Structure formats: structure tokens, C-alpha cells
Engineer: 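Have a look at this one.
Any value given below was found using the heavy atoms of this structure, including those in side chains, with hydrogens, waters and symmetry copies removed. The residues of the chain are indexed from 1 along the displayed sequence. This is a predicted model, so every value here is computed, not measured.
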Amino acid sequence: MTNDVIRLLPDSVANQIAAGEVIQRPASVIKELVENSVDAGADSIEIILTDAGRTLIQVIDNGCGMSDTDARMAFERHATSKIKKADDLFALSTMGFRGEALASIAAVAQVDLRTMRKGEAMGTRIIINGSVVESQEPAACTPGSNMMVRNLFFNVPARRKFLKKDSVELSNILREFERLALVNPAVELSISHNGTTLHRLMKAPTKRRIADLFGKTLEQQLIPVETDTSIVRISGFIGLPQYARKRNQLQYLFVNGRNMRHPYFHKAIMSCYEQLLPADVQPNYFIDFHVDPATIDVNIHPTKNEIKFENEGGIWQILVAAVKESLGRFNASGAIDFDMADAPEIPVFGSGLTEATSDAPDLEIDPDYNPFAQNNSSYNPVSEPRAASSSYNPTASSNIRPHRLSSINTTDWEKLYDDFTSRRDNDTPDTLPVIDIPSSPDNAVIESSACPYINIKGKYIVSAAKSGIMIVDRHRAHLRVLYDKFLDLYSRKAFSSQQVLFPEVIELNPSMSQVMRSIADELAIMGFEISFLGGNSWTINGIPSVISDSNPRSLLLNILENTADNNPQPTSLPLAHKVALAMAEAAAVTASQPVTPEEMTGLMSDLLKLSSPDFTPDGRPVITIITTDEIASRLK
């Protein structure tokens, strides 16, 4: 008879397993601790970091605090003050409720908590090391809680090893901080890293909080969205179409004060911009949904970012209507108001002058002068005006005679027209070139010497292929060629720098400044000369000579947006490849730039020499083939 093999896991092991879902990186710790502070009623929260959270994450709040018993119980698995029974899951008004966060944090870090309830003279201090309570004793502290999390993942070396470098982890922390700040505009929030304050936000309305986080210019780019129905109240802001971005869009959805990801509602918003934006750009938006807690389920994932709505279809329609109404209202041309009480009087000729214009000189018109008279030898443009006559009618047929136009030789007009038609006829070939497309089933491209390239509106290059007609996206083709060229220069460290005439200073928000730090080495290899000025200010002293005609500021911002981890369509490309892609995107030709036959031939030759010419590095098609069968089916 075999021994039993199923055993109950120790709490420490179970907590580490749970921590794998709840605590993925330092940003996860900050999310859980700040949400606990908000649930505790805090209106002022301070975050202090050392080494991007590896060494220390400290969250200080002025919430209600905890008793010594509650402080100890808070670190037990499934211990919570948020719910008491299963039905409470359908009436949640708090951020947390699972009772897993603190237990998970304590399982993979060294925790030091000092807390005191308001109105009490003494608080408590508890120290936990990898789920083991080492001590708990009375301590003097301020009302609220002061949580210090040290040496994250110290007992899980594999997890700690896979943390990225400090600049990347800090960038993730700042983006989590931005989400928390947006959903809690009534809370004062500050965050500092290694002694440097990155954000200090005062209580403010939502729009002002958005501007404080992402820059004052954004405040002018947003328009409000507001609607209230029996199933949902929607409020927030959407971006005007002219300020849409290709990358790094600011797109946030909230429900009942909670951040969420919801592709279905994102698609609803995007559908409103379909006729307003190109396919490769998206708008900014900050939309908050208020619904009955009983109609949503937040208990889907431990991070509580995935929300299930009971009335998804109805909310979709309300959301689309609200966004379209705002776009229509704020993009419409201003109406002219003709009923203005304080508008100045406008004199009407033939009805007399107004009192305001009674001092204007009288006009004297010669009743015998007709400027259209054919033979008016008495015409003198500087002659003195004579008294006006009410009997003069300038439109009378007897008074209309050609005068000055008769001095123009009509044969000159005929000659001009003849020259125009002659040039048009000479520039237009009698017949269009005939392209012979062989019947071979292969998709190989016919040699350029045997097949002319045709330019269509600067966007596409058309040629013949062995199986039909080949269409090439000109911009993407050039992007693909430049990308491979830049990577080759990068691998050989052959980039050279071109000094800019006037060094340009750019001011970044804290999260983008951390992205700059994380890619500084790759930028230097690729020919950028960038200096840190302190705070979030940087100066551009030089750019790669291969793209020296690009705008330095726009080029660098494009690279930062392309390499940011919060790109809504991230790629698996290495960092150097992302930088090369952003540089190629900025330097590639556009449809507005003219193209010569020689340039088309050169571009196609360079493209077809590549090992992977069919797609851009981020997966967009460069070449498509319309087969002879497709052509035949359209001509039936």
C-alpha cells in the first residue's frame, strides 16, 4: 500500500505562490499599498523609493490607522476589513477586498509597519521577514500608517534576477502612480526617488490633475464628455482629433474610482474617430464610468483591473453617443449670431446714413460718365467728382459699353489658349505603356528593367509581378530599408554625429525622463549627443548624421514614445531595434514628398535586396500582390 502524497502547503509557500500573481514588480507593491491607504480614508499619501523600489518602498498616509491586533491580522492570508460575506462582493466600494496583498508582500520582502489610530497616544510597530513575524511592540508614531517594504524578492532570487534595470522599473512605477493619481484627484500625492521629488500633486479637479501629470499643454487639447442615464453615468475628457498620437497615447478608463482595462469600450471610443483620424494614430481619453456595484464583477483577476459589466451592450451605445456628441459639439464651426443687442449699426446704402456716420462726406457722381463706354476720351481717373444724380442707372443697357477691356488685344488670349492646349497635347502620350505580365504562378517580382514603376499619389509604387500586380507602400518600404541600414550601422558602431546649430532643451514628464535614462546608452551609440540638465530637462547637442535633416526635438520625442513600455501596441523587439525603428519612422519619406522615377527604382532595388522585405519590423505589410485571378474576377 503506497503512502499518501497530497499534503497541505505551508503558509509561507502558499503566500509566495499567491505573491507571483499579485506582486509582479515594485509597481505592484505601490499599487496595493496606495489603494489600502485610500481605503483607510487618507487624503495625503507620500511614496519614498530607493533604487527603484528594490531596496525600499515606503508609503506614508494619514488614514485611520490600525490597532495592534489589526496590524498583525492584516498580514494573514484572506484577512480583510472590506467584506464579511459573499454578497458583499456585489456591493464593493473599496479598492481592496481579497485580503491577499499584504500577505503576498510580506512573503517576498522585509516589512516594517508603524501605525496608530487617530485619537490614541501610542501606536504599534510590527516587523515581518518573509512571512515570519519577528517582533511587535508599542511605538510612538503619527496617526495613520507608515509601511516600509525592504529588499523586495530577497528570498526569491529568480524573481529578483528578472527585474529590469532601475530606470525601467522606475518608469513602470511612475505609470502606476499616474493611474492612481488620476483616479484619486481629491488625494494629495507625492513620490520621490533616491532623495529627488518626482511628483508633488495637490488636490485638484480631474482636468487640472491631468495637466499636472502630463503637462499644461494637454489641458487645452481635451474636451469634456458627460452623460447620465439609468444604467451608467459617464464623465471625463477626450482628445481633439488634431492632437491624436501615433504612439504613447494617454488612454485611461475608470469604473467607480477603479482603473480598468476594457478592450470593448476602447473599441467603442475608437469607432467615434474612424472618419476623423488616419488608421495609424489614436486619441487621448480619460473616461470614468459610475455604475451600480451590483452590475459589475471586479473579482476576475487578483490585480482587479479586468471588469465584467452586466450591461455592456447598453453602455457601449451610451458611450458612443456621448463621445460623438462631444466631438460634434466642440468641432462644429461657431454660429453667427445676428441678433446682438450691442452690435454696431451698419449703414445701408440707399437708406441714408446713420447718426454715427452723419459726418461722412457726400459722394459726388458724374451722371454723364460711364466707365464702360467704348469711346470715352474724356475719362480722367483723377478728375474732380461732380454732383450726384438720382436718375443715373449704371445697369441700363444704353449705358453699358465696353471701355478699358477693349484695349486688350483679343488675339493675345487666343494665343495663350493655343499655347496651353499645345503643351497639354505634347505632354500627354498617345498611349499608356503596356506592361506584359507573364502567366507564371510565382509571386517573384519582375526585373525593374523589364517593368516600369508607377507612382500613385506618392503613397504607392505599382509594378508587375509574375503572378499579377505588385503594390508597395512607399513609406513603409523606405522605413524597412532605413531600419536595416541603421541596425547594420549599430552593429558596426559606425554611426557618426552631426552637431545641431543651436542645442535644443526639452522638458519631459518624470516617466518619459526615466525612459530617456534607460535608452541613453543606445542613443549614444546611434550618434545622439544628449546631456542631462537636472530635474527632467535634457539638451540635444547632436543627432545622427544619416538623418541630420530631421527635427531634433520631434525625432527624440518619437523615439521616446516608441520605446516606452506603455506603448498600447508593444513589440518584442530589443531596445536597440526599437530605437532604430523610431529613427526610421521619423526619417522615412511621406506621400507629400515628390518622387522621381530614379528614386522609385533605387528604393525598390534596395527593398528587394533585403532578406525580409514583405513586412515592417513591427509587422505591418509592405508589399501586396493582386493576382491575375483577382483581376479577372473583377472584370467579369
Engineer: Is the distance between the ring centroids of Phe286 and Tyr252 under 6.0 Å?
Structural biologist: yes
Engineer: Flag the pair Arg159 / Arg25 as yes when at least one side-chain heavy-atom distance between them is below 4.5 Å, and no otherwise.
Structural biologist: no
Engineer: For Phe532, look at atom CZ and say whether over 12 heavy atoms of other residues, nucleotides or ligands are found less than 6.0 Å away.
Structural biologist: yes
Engineer: Compute the centroid of each ring, for Phe309 and then for His262, and state whether the two points are separated by less than 6.0 Å.
Structural biologist: yes
Engineer: What pair of heavy atoms forms the shortest contact from Asn541 to Ser531, and how long is it?
Structural biologist: ND2-OG, 3.1 Å
Engineer: At what distance, to the nearest 0.5 angstrom, does NE2 of His193 lie from CD1 of Ile48?
Structural biologist: 12.5 Å
Engineer: Can you name the one residue among Asp112, Thr55, Asn129 that meets side chain to side chain contact (heavy atoms under 4.5 Å, CB included) with Arg150?
Structural biologist: Asp112
Engineer: Are side-chain heavy atoms of Glu274 and Met270 found at a separation under 4.5 Å?
Structural biologist: no
Engineer: On a heavy-atom basis, which atom in Ala71 and which in Gln136 lie closest, and how many Å separate them?
Structural biologist: CB-NE2, 4.4 Å
Engineer: First locate atom OG1 of Thr115, then atom CD of Glu120, and finally report the distance between them rounded to the nearest 0.5 Å.
Structural biologist: 9.5 Å
Engineer: Take atom CZ of Arg160 as the centre, draw a 6.0 Å sphere, and report whether it contains more than 12 heavy atoms from other residues, nucleotides or ligands.
Structural biologist: yes
Engineer: Rounded to the nearest 0.5 Å, what's the gap from NE2 on His577 to CG on Asp618? Could you check?
Structural biologist: 13.5 Å
Engineer: Carefully, step by step, assess Glu219 and Lys216 under the rule salt bridge (Lys or Arg N to Asp or Glu O under 4.0 Å).
Structural biologist: CA-CA 6 Å; Glu219 193 171 6; Lys216 303 298 182 184; 5.9 Å; no
Engineer: For Ser326 and Val323, indicate whether the former's side chain and the latter's backbone hold a donor-acceptor pair under 3.5 Å.
Structural biologist: no
Engineer: Quick check: closest heavy atoms across Ala294 and Glu310, and the distance to 0.1 Å?
Structural biologist: O-OE1, 4.1 Å
Engineer: Show, in sequence, the C-alpha distance, side-chain angles and deciding distance for Leu250 and Arg245, and conclude whether the side chain to side chain contact (heavy atoms under 4.5 Å, CB included) test is met.
Structural biologist: CA-CA 9 Å; Leu250 303 173; Arg245 303 181 179 188; 3.9 Å; yes
Engineer: Considering non-hydrogen atoms only, spot the tightest contact between Ile128 and Ala106 and give its length.
Structural biologist: CG2-CB, 3.9 Å
Engineer: Counting N and O atoms only, with roles assigned by atom type, does the side chain of Asn551 sit under 3.5 Å from a partner on the main chain of Ser554, one being a donor and the other an acceptor?
Structural biologist: yes
Engineer: Between the main-chain N or O of Leu533 and the side-chain N or O of Ser537, is there a donor-acceptor pair closer than 3.5 Å?
Structural biologist: no
Engineer: Going through the checks in order, is the side chain to side chain contact (heavy atoms under 4.5 Å, CB included) test met by Trp538 and Ser513?
Structural biologist: CA-CA 9 Å; Trp538 301 76; Ser513 186; 3.1 Å; yes
Engineer: State which residues pass ring-ring contact (aromatic ring centres under 6.0 Å, His included) with His199; sequence neighbours excluded, sorted by chain then number.
Structural biologist: Phe177
Engineer: Nearest 0.5 Å please: distance from the CD1 atom of Ile223 over to the CZ atom of Arg329.
Structural biologist: 8.0 Å
Engineer: Could you check Leu49 against Leu56 for side chain to side chain contact (heavy atoms under 4.5 Å, CB included), going step by step and ending with a plain yes or no?
Structural biologist: CA-CA 6 Å; Leu49 305 170; Leu56 172 68; over 6 Å; no
Engineer: Going by side chain to side chain contact (heavy atoms under 4.5 Å, CB included), Leu560 matches just one of Leu523, Ile519, Leu555. Which one?
Structural biologist: Ile519
Engineer: If you take all heavy atoms of Ser37 and Asp61, which pair is closest and at what distance?
Structural biologist: OG-OD2, 2.7 Å
Engineer: Going by heavy atoms in the side chains, are Leu557 and Leu508 under 4.5 Å from each other?
Structural biologist: yes
Engineer: Using atom types as modelled and distance alone, determine if a side-chain donor or acceptor of Arg125 lies under 3.5 Å from a backbone N or O of Ser135.
Structural biologist: no
Engineer: Is there a donor-acceptor pair under 3.5 Å between the side chain of Asn62 and the backbone N or O of Pro143?
Structural biologist: no
Engineer: Suppose we screen for side-chain hydrogen bond (donor to acceptor under 3.5 Å, both in side chains). Which residues come up paired with Glu188, at least two apart in sequence or across chains?
Structural biologist: none
Engineer: Would you check if Arg72 and Thr124 make a side-chain contact, meaning some heavy-atom pair closer than 4.5 Å?
Structural biologist: no
Engineer: When you compare the side chain of Phe528 with that of Met583, does any pair of heavy atoms fall below 4.5 Å?
Structural biologist: yes
Engineer: Between Ala52 and Ile173, what is the shortest heavy-atom contact and its length?
Structural biologist: O-CD1, 3.4 Å
Engineer: Leu213 versus Leu182: any side-chain heavy-atom pair under 4.5 Å?
Structural biologist: yes
Engineer: Roughly how far, to the nearest 0.5 Å, is the CG atom of Leu201 from the CD1 atom of Ile45?
Structural biologist: 11.5 Å
Engineer: Is there a side-chain contact between Glu507 and Asn536, using heavy atoms and a 4.5 Å cut-off?
Structural biologist: yes
Engineer: If I take atom CE from residue Met66 and atom CZ from residue Arg114, how far apart are they, to the nearest 0.5 angstrom?
Structural biologist: 14.0 Å
Engineer: Are more than 12 heavy atoms, taken from residues, nucleotides or ligands other than Lys165, located less than 6.0 Å from that residue's NZ atom?
Structural biologist: yes
Engineer: For Arg175 and Ser171, does a side-chain donor sit closer than 3.5 Å to a side-chain acceptor?
Structural biologist: yes
Engineer: Quick one: are Asn155 and Val108 in side-chain contact, heavy atoms under 4.5 Å?
Structural biologist: yes
Engineer: Looking at Asp288 and Ser235, would you say the former's side chain and the latter's main chain have a donor-acceptor pair under 3.5 Å?
Structural biologist: no
Engineer: Assess whether side chain to side chain contact (heavy atoms under 4.5 Å, CB included) is satisfied between Glu325 and Thr227, documenting all intermediate values.
Structural biologist: CA-CA 10 Å; Glu325 191 272 339; Thr227 189; over 6 Å; no
Engineer: Under 3.5 Å, is there a donor-acceptor pair between the side chain of Ser192 and the main chain of Gly195?
Structural biologist: no
